[in-house]
Chemist: 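Below is a structure I'd like to ask you about.
Reminder, nothing fancy here: chain letters follow the sequence lines and each chain counts from 1. Everything numeric here is computed off the predicted structure, so don't read it as measured data.
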Amino acid sequence: MARGTARDGAPQAPVDWVTRAADDAVRHAEQGGWTPESGRPITCASGASPSGPVHLGNLREFLTVHFVADELARRGLPVRHLHSWDDYDRFRKVPAGVDPSWADHIGRPLSGVPDPWECHDSWADHFKEPLVASLRALGVEMEEVSQTERYRAGAYREQILHAVAQRDRIETVMARYRTKAAPLSEAAESAEEAAALADSVANDGDDGNPSGLGATNDLARFPYKPYCRDCGRDTTIITSYDDDSADLAYTCTSCPFEGVTNLRTQDEGKLVWKVDWPMRWAVEGVDFEPGGVDHASPGSSYTVGKELVKLYDGRAPSFVGYSFVGAGGQVKMSSSRGGVPTAADALQILEAPVLRWLYVRRQPKQAFNVDFGPEVVRLYDEWDALGRKAADPAKRDAQVLAFERASATATAGRLPVPAVVVPFRLLSSVADVTAGSADLISRIVREVGHDHDSVEDLEPRLGRAMTWTGEYVPESERTTVRTEPDAARLARLGDDEELWLRHLLDRLPDRLDLDETTTLVYGVPKLGRGLGLDDAPTDQVKADQKAFFKLLYNLLVDADRGPRLPTLFLALGSDTVRRLLTPPT
RNA sequence: GGGCCCCUAGCUCAAUGGGCAGAGCAGGAGACUUUUAAUCUCUUGGUUGUGGGUUCGAGUCCCACGGGGCCUACCA
């Protein structure tokens, strides 16, 4: 029953992970009393911390949710893609390449740290903005929520008070999932773990200060953390909490501040992550939310959250864990981006549907690489082949379904693809020798048999092929056209060679045509043997052709081999060819 | 300690709720006036890491083992 045809003989609709995740989301919503008529949307949620460049691994969070939400929209169901920016998280560490003085901001919310590059209002915005732009190009539409705004607006005040009131139960749950600490001797083995150990020792010291051991443990595991009113950092230690007044007293370890914040009237902190996440599931009514596999491990946030959400009378959303996305090939490093490729980087070389395809065609738990190297060519070839297959309704299977999901969305329609599809390989190799002129590439591509009206017909692929060729193809793989004639080589030409070049230059027209140039290039050695341009080659001529071609490659691109000569001639133009084949005067 | 992923052609990888093991590259043959790095056609190549199990049927599900990789514990 798994496959084939339904009872009436009609082909069964293909099913993929998106279909199943969407089914799960619907089921989850229905269990919560939702009906399509309720007018309430099914909520698919994503979340991300804008602590650094949003790289291709983080992109999976957004796209996984997007595809599921899009599937629900295709079914005509009310749905929303809710995205939470965890910009109220603390700034943890100063990445390489940033002024070390930013260490002063560690502990402050990401939305409160200035942008070292000075182009945005905050650290968080600096990384949010480019990703949002990329997502727009990818056809992802979502409702964005800033956790800074929500917390500061007191949106979660009630939930915070509830968590604090229930802190013993929270601790019980957390403790259940906490496994035994690693033996001290092993923990001290690595430097990192030694540092962690030092931290825990320091914390033990802190614990000794306030009165009462039981109360201390209680406060040490407090589910709420205030940001210091004076310096804005979360380096606060709670010294007391009064359940009746909701007064929370704390001291700051990085500034002299000591004070009291009231959880009922003031909004100066946040719930700890493992409570924060399930709290939002309940508040927003989340039906589907994926997570990195790290969140799905036992004892990790999803597992714990599944229990804690009950405190809020909520249910954990349906979940899929996704694996990591790596980068392959020669990835260009960028200091301001920390060297990890982002969606924007990928979109410079991949059409938006192709990038979407990478994420939708594999099951979430499968890890994959986005390759910026030679695999790009193959990727486009496969994509084009799949596009041809998708044009035939009889061949609609799971692969074609992935193609459809990648190509268009329910709300934004079809994403931009070239009007005239030319193999990426061809665009790239022509771009390689044309010194970046789109018009010239267009002309050559037309000559070679891919007719089109204008350069625009080749976009958005052409620009990406040019970028890829220029920035991601290693120098050793590229064709380097000589800038000056090889005077030394031209000075010691053999008799045959001199004759060939003379024949060639005598007949080389100012405006090159592909067919004529082909005939000429192959014909020159024939002339040298007393044959006509159109005569069939003899074995002797074939040997001559080989030597002649090598000579031309030597003189034009300083190599023994290269792109097909007729194409190369067209790319270089008659003048350049003439100049490189003529001894300088 | 716990968990996850991977092992398929020489190489890189597909096969998406069990249903005929497939591509690309490389190799071979050929076509296009062409023994060239943009074209096209055909073709070689497999005990799916090992050993068991479930099933009419297993790359796919279960158990064990070997090898490789990743995550996780205290924090968010």
Side-chain angles (χ1 to χ4, degrees), chain A residues 1-4 14-20 23 49 51 86 88-92 174 177-183 186-187 193 196-197 199-200 203 225 234 270-277 292-301 303 321 323-324 326 328 360-369 371 374-375 377-379 381-382 385 397-399 401-402 422-433 444-445 448-450 477 479 515 518-519 521-523 526 533-537 539 541-543 545-546 548-550 552-553 557 559-568 571:
Chain A
M1 238 9 174
R3 195 160 284 229
V15 167
D16 63 0
W17 67 267
V18 183
T19 316
R20 289 191 291 274
D23 288 344
S49 176
S51 56
D86 294 327
Y88 206 41
D89 287 359
R90 75 195 302 257
F91 178 60
R92 283 162 202 294
M174 303 259 242
Y177 286 98
R178 250 190 305 264
T179 49
K180 285 173 283 187
E186 287 176 29
E193 286 176 285
L197 185 65
D199 279 352
S200 73
N203 285 341
K225 190 146 206 167
D234 73 343
K270 72 189 292 285
L271 289 170
V272 296
W273 163 246
K274 282 179 182 175
V275 181
D276 180 66
W277 201 22
V293 286
D294 51 331
H295 286 313
S297 303
S300 246
S301 36
T303 338
S323 295
F324 295 88
V360 77
R361 69 173 173 161
R362 289 174 207 279
Q363 312 235 40
K365 69 179 174 190
Q366 200 170 356
F368 69 92
N369 285 325
D371 198 301
E375 289 289 301
V377 174
R378 187 186 147 196
L379 183 67
D381 281 348
E382 281 184 28
D397 61 6
Q399 290 177 354
L401 181 59
V422 175
F424 189 86
R425 175 194 313 279
L426 174 61
L427 293 176
S428 165
S429 59
V430 174
D432 187 27
V433 291
I444 295 170
V445 164
V448 171
H450 294 272
E477 303 281 318
T479 302
D515 288 340
T518 304
T519 306
V521 165
Y522 284 98
K526 300 176 189 170
L533 281 179
D534 290 321
D535 290 337
D539 286 348
V541 164
K542 287 186 176 183
Q545 283 171 339
K546 195 173 177 179
F548 179 50
F549 292 159
K550 184 176 171 184
L552 290 176
Y553 286 124
V557 297
D560 288 346
R561 316 194 331 154
R564 291 198 148 216
L565 287 167
T567 323
L568 183 60

Chemist: Salt bridge or not between A:D234 and A:R90? Use side-chain N to carboxylate O under 4.0 Å.
Modeler: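 A:R90 and A:D234: salt-bridged.
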
Chemist: Nearest to the A:A398 side chain among B:U16, B:A38, B:U35, which nucleotide is it?
Modeler: B:U16

Chemist: Considering only atom P, compute the distance from B:G49 to B:A38 and round it to an integer number of Å.
Modeler: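 Straight-line distance between the two P atoms is 35 Å.
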
Chemist: Using a heavy-atom cut-off of 4.0 Å across all strands, would you classify A:V272 as base, sugar-phosphate, or nothing?
Modeler: sugar-phosphate

Chemist: Paired with B:G46 by Watson-Crick or G-U wobble geometry, both distances under 3.5 Å: which nucleotide is it?
Modeler: none

Chemist: Looking at A:Q363, I'd like to know whether one of its side-chain N or O atoms comes within less than 4.0 Å of OP1 or OP2 on B:G17.
Modeler: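 Yes, because at least one side-chain N or O of A:Q363 sits under 4.0 Å from OP1 or OP2 of B:G17.
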
Chemist: Examine the base of B:A38 for any acceptor or donor lying under 3.5 Å from a partner atom in the side chain of A:T567, and report the outcome as yes or no.
Modeler: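 Answer is yes: a donor-acceptor pair is held.
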
Chemist: Return the CD1 to OG1 distance between A:I444 and A:T567, rounded to the nearest 0.5 Å.
Modeler: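 Atom-to-atom, A:I444:CD1 and A:T567:OG1 are 7.5 Å apart.
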
Chemist: Which atom pair, heavy atoms only, marks the closest approach of A:P14 to A:T19?
Modeler: O-OG1, 4.4 Å

Chemist: Among B:U16, B:C5, B:A76, which is the nearest nucleotide to the side chain of A:R20?
Modeler: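 Closest nucleotide to the A:R20 side chain: B:U16.
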
Chemist: Drop me the distance from A:K270's NZ to A:D86's CG, to the nearest 0.5 angstrom.
Modeler: 7.0 Å

Chemist: Per the atom types in the model, does the base of B:U33 pair as donor or acceptor with the side chain of A:Y522 at under 3.5 Å?
Modeler: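 Checked by distance alone, the answer is no.
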
Chemist: Provide, to the nearest angstrom, the distance between the CG atom belonging to A:N369 and the P atom belonging to B:U12.
Modeler: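 For the pair A:N369 CG and B:U12 P, the rounded distance is 13 Å.
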
Chemist: Mapping A:D381 and A:D89 onto RNA chain B by nearest heavy atom, which one lands closer to the 5' end?
Modeler: A:D381

Chemist: Please confirm whether any donor atom in the side chain of A:K526 sits under 3.5 Å from an acceptor in the base of B:U33, or the reverse.
Modeler: yes

Chemist: What is the nucleic acid contact for A:A385, judged by heavy atoms within less than 4.0 Å: base, sugar-phosphate only, or nothing?
Modeler: nothing

Chemist: Expressed in whole Å, how much space separates the C1' atoms belonging to B:C42 and B:G52?
Modeler: 43 Å

Chemist: Using Watson-Crick or G-U wobble geometry with both distances below 3.5 Å, tell me the partner of B:A76, or none.
Modeler: none

Chemist: Rounding to an integer number of Å, can you tell me how far A:F424 CZ sits from B:C25 P?
Modeler: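 Distance check: A:F424 CZ to B:C25 P gives 16 Å.
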
Chemist: Scan every strand shown for a Watson-Crick or G-U wobble partner of B:C25, both distances under 3.5 Å, and answer none if you come up empty.
Modeler: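 Across all strands, the one nucleotide that pairs with B:C25 is B:G10.
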
Chemist: Distance between the C1' atoms of B:C4 and B:C11, in whole angstroms?
Modeler: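 Result for the C1' pair: 27 Å, nearest Å.
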
Chemist: Identify the nucleotide, in any strand shown, that forms a Watson-Crick or G-U wobble pair with B:C20, with both distances under 3.5 Å; if there is none, say none.
Modeler: none

Chemist: How many whole angstroms separate atom NZ of A:K550 from atom C1' of B:U34?
Modeler: 19 Å

Chemist: So if I take every side-chain heavy atom of A:T518 and compare against B:G17, B:C13, B:U34, which nucleotide ends up nearest?
Modeler: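 Taking heavy atoms from C-beta onward, the closest nucleotide is B:U34.
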
Chemist: How long is the line joining CG of A:D371 and P of B:U12, in whole Å?
Modeler: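 These atoms are roughly 13 Å apart.
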
Chemist: Under the 3.5 Å rule, do the base of B:U16 and the side chain of A:R362 count as making a donor-acceptor pair?
Modeler: no

Chemist: How far does the P atom of B:C62 sit from the matching atom of B:U55, given to the nearest Å?
Modeler: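 B:C62 and B:U55 have their P atoms separated by 16 Å.
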
Chemist: So which atom in A:Y522 and which in A:Q545 form the shortest heavy-atom distance, rounded to 0.1 Å?
Modeler: O-NE2, 3.0 Å

Chemist: From B:U16, B:A76, B:C5, pick the nucleotide closest to the side chain of A:W17?
Modeler: B:U16

Chemist: What does B:U34 pair with, Watson-Crick or G-U, if both distances are under 3.5 Å?
Modeler: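 B:U34 is paired with nothing.
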
Chemist: Students often get this wrong, so: under 4.0 angstrom with heavy atoms, is A:D16 touching a base, only sugar-phosphate, or nothing?
Modeler: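 The answer is base, as A:D16 lies within the cut-off (heavy atoms under 4.0 Å) of a base atom.
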
Chemist: Rounded to the nearest Å, what distance is computed from the CG atom of residue A:L426 to the C1' atom of nucleotide B:U39?
Modeler: 9 Å

Chemist: With a 4.0 Å cut-off on heavy atoms, is A:T519 in touch with a base, just the backbone sugar-phosphate, or nothing at all?
Modeler: base

Chemist: From the set B:A37, B:A76, B:U16, return the single nucleotide nearest to any side-chain atom of A:T479.
Modeler: B:A37

Chemist: Which heavy atom of A:D89 sits nearest a heavy atom of A:S49, and at what distance?
Modeler: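 Distance-wise, the nearest heavy atoms are OD2-OG, 3.6 Å.
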
Chemist: Looking at A:W17 and A:V360, would you say the former's side chain and the latter's main chain have a donor-acceptor pair under 3.5 Å?
Modeler: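 Present.
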
Chemist: Between the base of B:U12 and the side chain of A:R378, is there any donor-acceptor pair under 3.5 Å?
Modeler: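 Donor-acceptor pair under 3.5 Å: yes.
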
Chemist: Is A:R564 touching bases, backbone alone, or none of the nucleic acid, heavy atoms closer than 4.0 Å?
Modeler: base

Chemist: A:D397 side chain to A:Q399 main-chain N or O, any donor-acceptor pair under 3.5 Å?
Modeler: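 Between the backbone of A:Q399 and the side chain of A:D397 there is a qualifying donor-acceptor contact (under 3.5 Å).
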
Chemist: Of the non-hydrogen atoms in A:L271 and A:D276, which two are nearest, and what is the gap between them?
Modeler: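 Scanning both residues completely, I find the closest heavy atoms to be O-CB, 3.8 Å.
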
Chemist: Measure the distance from CG on A:L401 to C1' on B:A15 and round it to the nearest whole Å.
Modeler: 16 Å

Chemist: B:G17 P sits how many Å from A:D23 CG, rounded?
Modeler: 13 Å

Chemist: In whole angstrom, give me the gap between the C1' atoms of B:C7 and B:C13.
Modeler: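 After rounding to an integer number of Å, I get 12 Å for this pair.
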
Chemist: I'd like the C1' distance from B:A21 over to B:A37, given in whole Å.
Modeler: 32 Å

Chemist: If you check the A:Q366 side chain, which of B:A14, B:A38, B:G17 turns out closest?
Modeler: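 The answer is B:A14.
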
Chemist: When you compare B:A14 with B:A23, how far apart are their C1' atoms, in angstrom units rounded to a whole number?
Modeler: 7 Å

Chemist: Quick one: which of B:A38, B:U35, B:C70 gets closest to the side chain of A:F324?
Modeler: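 Given the options B:A38, B:U35, B:C70, the side chain of A:F324 is closest to B:C70.
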
Chemist: Whole Å only: how far is the CG atom of A:D86 from the P atom of B:A76?
Modeler: 13 Å

Chemist: If you pin A:F368 and A:K365 to their nearest nucleotides in RNA chain B, which one's is more 5'?
Modeler: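 Per heavy-atom nearest nucleotide, the more 5' residue is A:K365.
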
Chemist: Given the P atoms of B:G59 and B:U48, what is the spacing between them in whole Å?
Modeler: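 Roughly 7 Å separates the two P atoms.
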
Chemist: Please work out if A:Q545 contacts a base, only the sugar-phosphate, or nothing of the nucleic acid, heavy-atom cut-off 4.0 Å.
Modeler: sugar-phosphate

